[in-house]
Every structure is written in structure tokens, then in C-alpha cells.
Colleague: 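Sending over a structure as C-alpha cells; questions will come in a sec.
Worth saying up front: this structure is predicted, and the values here are computed from it rather than measured.
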Amino acid sequence: MLGAMVLALGLGAMLTGPATAGPTTLEATYSSGIQNGWVRVERWRDTTSAFTQEAFPPDGRGDQTGQRATFFADASPHSSKFLMYYAPGWNTGTRPVPVLLVHGANQDADIAWADPNEAGPYGCGRYSCPSTGMMQSLSAAGHKVFALGLPHKNGDGYFWSEQIADAIAIIKSRTGATQVDVVAWSKAASNARMYVSNVRRSWGTNYRGDVRRLVLLGSANNGIDLSFRHGWTFSLVVYPECGGVINGPTPHDYLICYGAWREGAEWTYGSPYFPGSAQLLKRWDATYALPTYEQDWYTTFHGGQGFYSSGPGINAYLGASLVNTIRNAPSPSGVRIHNLCGNQNDIALLHNEHTGPSDGVVFIQSCRDIVGVTNHGGSTTLAVNHLELGWEATALTQVRSWLAAA
């Protein structure tokens, strides 16, 4: 049985008062039996009425699992819920600016930051994965480390951005700090930029001047078109009729599986299962040519009926993209932003992006894009792939260096 749960009414003597942003409500605290080195996990709820119940695939591929399902008290939690993870030294670390870690799509705070080996071999982008990560590295260096656990693995970016704002407010309340450093990976990097640049809905929180540094790991700063570039490849690993189990959208609404046409609109970028995915799309075919030797390459990207698949093409979904909206919203000069990118397209078991220099998922040129970044602290490209950026030794060293700078 995981930990003892303490309801919010009993926390007054243990911690400082609740955070004011959101508004947010503390629902439960877990303080024992927590895996992967965390010392406390809290479940919060943002009471803003705009939050909805986002849809989860019925076969369970997008569900919360392991201790996350226990902490959320639901395998498919309402999108108003989120988890706050506390690392050892969160209240005793010697460095004055706390750090918030925010995982990307199809990750969680455990596998992203505390135990890259939780999913076993290949789960971290390599056959052999370490059992500790950035959380332990930063905590040992004297940082007060926290992590955000998001309820939906491909959630709407406006929701994720608002919960990043909520988490920062909670950290400020718990530590007394006025600013927080944020390290955000992949999809969450775009959503963290949304918060500091005030890309929000009418109900969203205005940026409050409370981020000192924003470190972006593998960010698609100028968008991504990976799954549209490679024919039917990415649909095969998603469609259940083809044996697919990947929790992500495809370009195709029809696909041949084992000799029969299968309808699969629920697996596209218009699906309610992946509300945040189309927000990161942008065409790159004018920069890097499409691979004309890959099956159904033309119809997958541009739309139409191919030999083994059909779909509307990338242009059908670009209306939902937030890429240019974010780039056209200058970040505040007080937020120093860093880009950490990889140049190894060798993620195990994945059809890596190979039509231009990439980390296997994001083109390096997109990751290093700084349009809209007012205070650029520098971009570094390492010999790692997209899934190594949060735990590989040189990546950890670079992040520690940026966070330690005045």
C-alpha cells in the first residue's frame, strides 16, 4: 500500500498556507512509501471551471499507472488535477532559487526525472537505463527540487501552461522564494513558454514575473511534422488492428492492417485523445525534403488516398497549431531562456527523424530556434537523442551549469 494519505484539512501544522494562484485546492498528501526517491507527493486541483475531463483511449494506453494512479486516485483523472512531487532537500537546499521539473508528453515525473529505468530497457531511449535522473542530480547539488505531474499524457497546452503557473505558485508558497527556475522537456517546453509569454485563454493566469530561468529540453520551438513525413510508418505502431500500442496521434484516418482497411479517425490529430498534439505542428518540407522512397509519403503529408493509407494531410490540422502564436509573443526580458538540444537520431525501437539533423524527434534547427526569446541564455547541442536529454551525464552537467549561474 502506497503511503499514508493526509487530507488537506490536516496540513496546517505541517506546511505553509496554500498557494493563491489558480485558484487551487490541495486534495491529498502522500508522505510515506513513495517510490523513486521522492519524499512527498501532493494532489492538487485547479478549480477554474474551464478545465474539462479530457478523453482517454479506451484500451488504457494513455492511463496513469503505478504510483501515479494511486496519487491521482484515478487512472484517467480529470484535467483539473495535478501532482506536486517534492525531492529530498526541498526545504533545506542551499541554493536560493527552487527548481520545477516539467515532463513531456507520454512521460511522468518518475520516468522523466527520477527513474528513467522504470519502464525497463529502451524506455529511456537506450537499451540500458539508469535508475536515477535529474531530480537526484540537482538535489545533490543543493537545489530545492520539485516536479509537476500532469493528468493527461497528451493534454491541451493551455491546461498544461496553467498548471505550470499553479505549480510555480505552490513552490513560492512552500519555500518563500519569489522566483523559480523551470526545466521543461519537449511538449512541456512549449507550454512553459506559453506561461511566461502570456499565451493564454481569457481564464488563464497572467505571467507574474516569477520565473528566473527557463531551460528547454528538446523543445520544438519552431514546430514539428515528424509523423507526417514518413508515410504510413507511425500509424502502424498506433492502430490497434495492426498491433499498435503507442499513445500518440497519426496522420491517417484509414489504414490497411493485415489485408483489410481499418477506420481510425479516433487516432488522428483531430482525436479527443490527443488534444495537445496538433498545437505543436508546423511544416518543414520547405527546409528538408520528404523521403520519397517511404510508403505513401505524398498522401500522408499532403492528404489523399495512398496505397495502404489515407488521411487529410498536415494542412488540415495546422489551424490548431500554437507554434507561431508562441514565437510571436516575446518572452519577458527578466526570463533567461536556454535551449538544450540533441543531435543523435538513434532512439531505440523508433523510426527516427532522418531527413535532417535531429535528435530523433525534433529537428535541431527547430530546437535551437529563438524567435520570440528576448533574453537568450544560449543553446547547446549534445551528442544525445531526444529521450536522453533529461538523464544523460553531459545533459545533467549542462543543466546544473545554467542553473548555478548568477
Side-chain angles (χ1 to χ4, degrees), residues 18-25 44-51 79-80 82 84 96-104 144 146-150 155-217 219-223 276 279-280 321-340 369-378 402-403 405-406:
T20 58
T24 52
T25 297
W44 289 77
R45 178 169 59 90
D46 187 310
T47 60
T48 304
S49 60
F51 281 93
S79 288
S80 62
F82 62 95
M84 285 294 298
V97 182
V99 180
L100 171 65
L101 306 176
V102 190
H103 65 78
K144 302 168 185 174
F146 303 80
L148 176 60
L150 292 151
D156 185 286
Y158 288 105
F159 289 173
W160 280 29
S161 177
E162 183 68 7
Q163 290 173 327
I164 290 170
D166 291 337
I168 291 169
I170 293 166
I171 293 169
K172 288 159 53 183
S173 174
R174 296 300 190 227
T175 64
T178 58
Q179 288 192 310
V180 174
D181 289 337
V182 178
V183 180
W185 199 345
S186 197
K187 176 186 179 303
S190 295
N191 304 147
R193 284 190 64 178
M194 290 170 66
Y195 168 57
V196 301
S197 297
N198 276 322
V199 177
R200 61 186 182 86
R201 300 292 194 192
S202 59
W203 49 264
T205 297
N206 275 306
Y207 176 60
R208 298 160 302 200
D210 48 10
V211 176
R212 184 188 71 133
R213 290 181 184 272
L214 177 55
V215 178
L216 310 177
L217 310 183
S219 179
N221 288 310
N222 199 17
Q279 294 170 336
L280 303 180
S321 177
L322 295 176
V323 174
N324 285 337
T325 301
I326 297 169
R327 295 170 79 236
N328 292 331
S331 59
S333 59
V335 183
R336 195 154 179 80
I337 298 179
H338 307 265
N339 292 323
L340 186 62
D369 184 86
I370 59 170
V371 174
V373 175
T374 302
N375 183 352
H376 183 225
W402 279 331
L403 296 181

Colleague: Would you sort out whether Val335 and Asn375 count as a side-chain contact (heavy atoms from CB on, under 4.5 Å), showing the intermediate values?
Modeller: CA-CA 6 Å; Val335 183; Asn375 183 352; over 6 Å; no

Colleague: A side-chain contact here means heavy atoms from C-beta on lying under 4.5 Å apart; do Lys172 and Asp210 qualify?
Modeller: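 They are in contact (side-chain heavy atoms under 4.5 Å apart), so the answer is yes.
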
Colleague: Using the side-chain contact (heavy atoms from CB on, under 4.5 Å) rule, take Phe146 and Thr175 through it: C-alpha gap first, then chi angles, then the decisive distance, then the call.
Modeller: CA-CA 11 Å; Phe146 303 80; Thr175 64; 3.7 Å; yes

Colleague: Kindly indicate, with the supporting measurements, whether the criterion salt bridge (Lys or Arg N to Asp or Glu O under 4.0 Å) is fulfilled by Asp181 and Arg213.
Modeller: CA-CA 5 Å; Asp181 289 337; Arg213 290 181 184 272; 5.3 Å; no

Colleague: Please check if any side-chain donor atom of Asn221 sits under 3.5 Å from a side-chain acceptor atom of Arg327, or the reverse.
Modeller: no

Colleague: I need the minimum non-hydrogen distance between Gln179 and Gly209, along with the two atoms involved.
Modeller: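 For Gln179 and Gly209, the tightest heavy-atom pair comes out as NE2-O, 3.2 Å.
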
Colleague: State, yes or no, whether a side-chain contact exists between Arg193 and Leu214 at a heavy-atom distance under 4.5 Å.
Modeller: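 They are in side-chain contact.
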
Colleague: Any side-chain heavy atom of Val323 within less than 4.5 Å of one from Asn222?
Modeller: yes

Colleague: Is there a donor-acceptor pair closer than 3.5 Å between any side-chain N or O of Thr374 and the backbone N or O of Pro330?
Modeller: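 Answer holds: no.
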
Colleague: Looking only at side-chain N and O atoms, does Ser321 offer a donor or acceptor that is under 3.5 Å from a partner on Gln279?
Modeller: no

Colleague: Which atom names give the shortest non-hydrogen contact between Ser331 and Ser197, and what distance separates them?
Modeller: CA-OG, 3.4 Å

Colleague: Do Asp166 and Tyr195 have side-chain atoms, one donor and one acceptor, less than 3.5 Å apart?
Modeller: no

Colleague: Restricting to non-hydrogen atoms, name the atom on Asn206 and the atom on Arg200 that form the minimum distance, rounded to 0.1 Å.
Modeller: OD1-NH2, 2.8 Å

Colleague: Between Leu148 and Leu100, does a side-chain contact (heavy atoms from CB on, under 4.5 Å) hold up when you go through it step by step?
Modeller: CA-CA 7 Å; Leu148 176 60; Leu100 171 65; 4.1 Å; yes

Colleague: Between Trp402 and His338, does any side-chain donor sit less than 3.5 Å from a side-chain acceptor?
Modeller: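 There is such a pair (donor and acceptor under 3.5 Å, judged by atom type) between the side chains of Trp402 and His338.
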
Colleague: To the nearest 0.5 Å, tell me how far Ile168 CD1 sits from Ser173 OG.
Modeller: 13.5 Å

Colleague: Look up atom CZ in Arg45 and atom CZ in Phe82, then write down how far apart they are to the nearest 0.5 Å.
Modeller: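 Atom-to-atom, Arg45:CZ and Phe82:CZ are 10.5 Å apart.
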
Colleague: To the nearest 0.5 Å, tell me how far Met84 CE sits from Ile171 CD1.
Modeller: 4.0 Å

Colleague: Report the distance from atom CZ of Phe159 to atom CD1 of Ile164, rounding to the nearest 0.5 Å.
Modeller: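 Atom-to-atom, Phe159:CZ and Ile164:CD1 are 14.0 Å apart.
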
Colleague: Between CG of Asn339 and CG of Asp369, what distance do you get to the nearest 0.5 Å?
Modeller: 8.0 Å

Colleague: Kindly say whether Ala184 contributes a backbone atom to a donor-acceptor pair with the side chain of His103 at under 3.5 angstrom?
Modeller: no

Colleague: Grab the two heavy atoms, one from Ile326 and one from Val199, that are nearest each other, plus how far apart they are.
Modeller: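 Of all heavy-atom pairs spanning Ile326 and Val199, the closest is CA-CG2, 4.2 Å.
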
Colleague: I would like to know whether Glu162 and Thr48 meet side-chain hydrogen bond (donor to acceptor under 3.5 Å, both in side chains); could you show each step before the answer?
Modeller: CA-CA 10 Å; Glu162 183 68 7; Thr48 304; 4.7 Å; no

Colleague: Please name the pair of heavy atoms, one in Ser79 and one in Phe51, separated by the smallest distance, quoted to 0.1 Å.
Modeller: O-CD2, 3.2 Å

Colleague: Quick one: do Val211 and Val180 satisfy side-chain contact (heavy atoms from CB on, under 4.5 Å)? Show the steps, please.
Modeller: CA-CA 5 Å; Val211 176; Val180 174; 5.7 Å; no

Colleague: So Val183 and Val99, do their side chains get closer than 4.5 Å, heavy atoms only?
Modeller: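 Sidechains of Val183 and Val99: in contact.
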
Colleague: Would you give the length of the straight line joining atom CH2 of Trp160 to atom OG of Ser190, rounded to the nearest 0.5 angstrom?
Modeller: 10.5 Å

Colleague: Quick check against the 3.5 Å criterion: does Arg208 have a side-chain atom that pairs as donor or acceptor with the backbone of Ala165?
Modeller: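 Checked: pair present.
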
Colleague: Is the side chain of Lys187 donor-acceptor paired with the backbone N or O of Leu280 at a distance under 3.5 Å, no angle test?
Modeller: no

